[in-house]
Amino acid sequence: MDVTDREIKTKNAECKPTENKGSSVQIKVLFFARARDLTGLAELPLELTSGSTTQDCLNKLVARFPSLEEILGSMVLALNEEYTNESVIVQDKDELALIPPISGG
């Protein structure tokens with residue numbers, strides 16, 4: 001299932017209640033560059049309610065690591081090695097990468 005399929009499912013899910021209410025998914029979050037510096041971690045397993053979006057993941061991460069807020073507006077997300085946005089629903093065993101801007105020369 002690619003990102004476009006997930007976005008369509010997200011829009012459809014907004015119209016009806018979640019069928020698996022109470023079930024959860026486990027994803028792996030990868031931290032790069034400044035995100036790694038702010039969290040002190042390269043990766044983190046994260047458990048979320050089934051039907052959660054990448055935005056829900058970010059909200060949970062910022063609650064745990066408030067310093068991440070400083071890069072929220074400038075970082076890019078990748079889900080399973082493909083760039084994505086905050087409205088995509090995550091699935092069990094997905095990999096979400098937080099990629100801050102990289103500077104240098």
* Apply side chain to side chain contact (heavy atoms under 4.5 Å, CB included) to Met75 and Leu58, showing your working. => CA-CA 11 Å; Met75 75 176 157; Leu58 290 176; 3.7 Å; yes

* Kindly indicate, with the supporting measurements, whether the criterion side chain to side chain contact (heavy atoms under 4.5 Å, CB included) is fulfilled by Ile99 and Tyr83. => CA-CA 10 Å; Ile99 308 168; Tyr83 291 119; 4.2 Å; yes

* Asked: Stepwise, does the side chain to side chain contact (heavy atoms under 4.5 Å, CB included) test hold for Asp92 with Gln26?
  -> CA-CA 5 Å; Asp92 196 40; Gln26 178 105 10; 3.8 Å; yes

Spatial distance of atom [atom1] ([X]) from atom [atom2] ([Y]) [nearest 0.5 Å]:
{"X": "Leu61", "Y": "Leu96", "atom1": "CG", "atom2": "CG", "value": "7.5 Å"}
{"X": "Leu98", "Y": "Leu68", "atom1": "CG", "atom2": "CG", "value": "6.5 Å"}
{"X": "Thr53", "Y": "Asn59", "atom1": "OG1", "atom2": "CG", "value": "7.5 Å"}
{"X": "Lys60", "Y": "Leu46", "atom1": "NZ", "atom2": "CG", "value": "5.0 Å"}
{"X": "Glu47", "Y": "Ser52", "atom1": "CD", "atom2": "OG", "value": "10.0 Å"}
{"X": "Asn80", "Y": "Ile27", "atom1": "CG", "atom2": "CD1", "value": "9.0 Å"}

Looking at [X] and [Y], what are the two nearest heavy atoms and their distance?
{"X": "Cys57", "Y": "Leu48", "value": "SG-CD1, 3.1 Å"}
{"X": "Ala35", "Y": "Pro100", "value": "N-CG, 3.4 Å"}
{"X": "Arg36", "Y": "Phe31", "value": "NE-O, 3.2 Å"}
{"X": "Phe32", "Y": "Ala97", "value": "CE1-CB, 3.7 Å"}

* Asked: Is the CD atom of Glu95 crowded by more than 12 outside heavy atoms at less than 6.0 Å?
  -> yes

* Check against side chain to side chain contact (heavy atoms under 4.5 Å, CB included), Thr39 and Leu44 -> CA-CA 10 Å; Thr39 63; Leu44 173 78; over 6 Å; no

* Asked: Short question: side chain of Thr84, backbone of Leu77 - any donor-acceptor pair under 3.5 Å?
  -> no

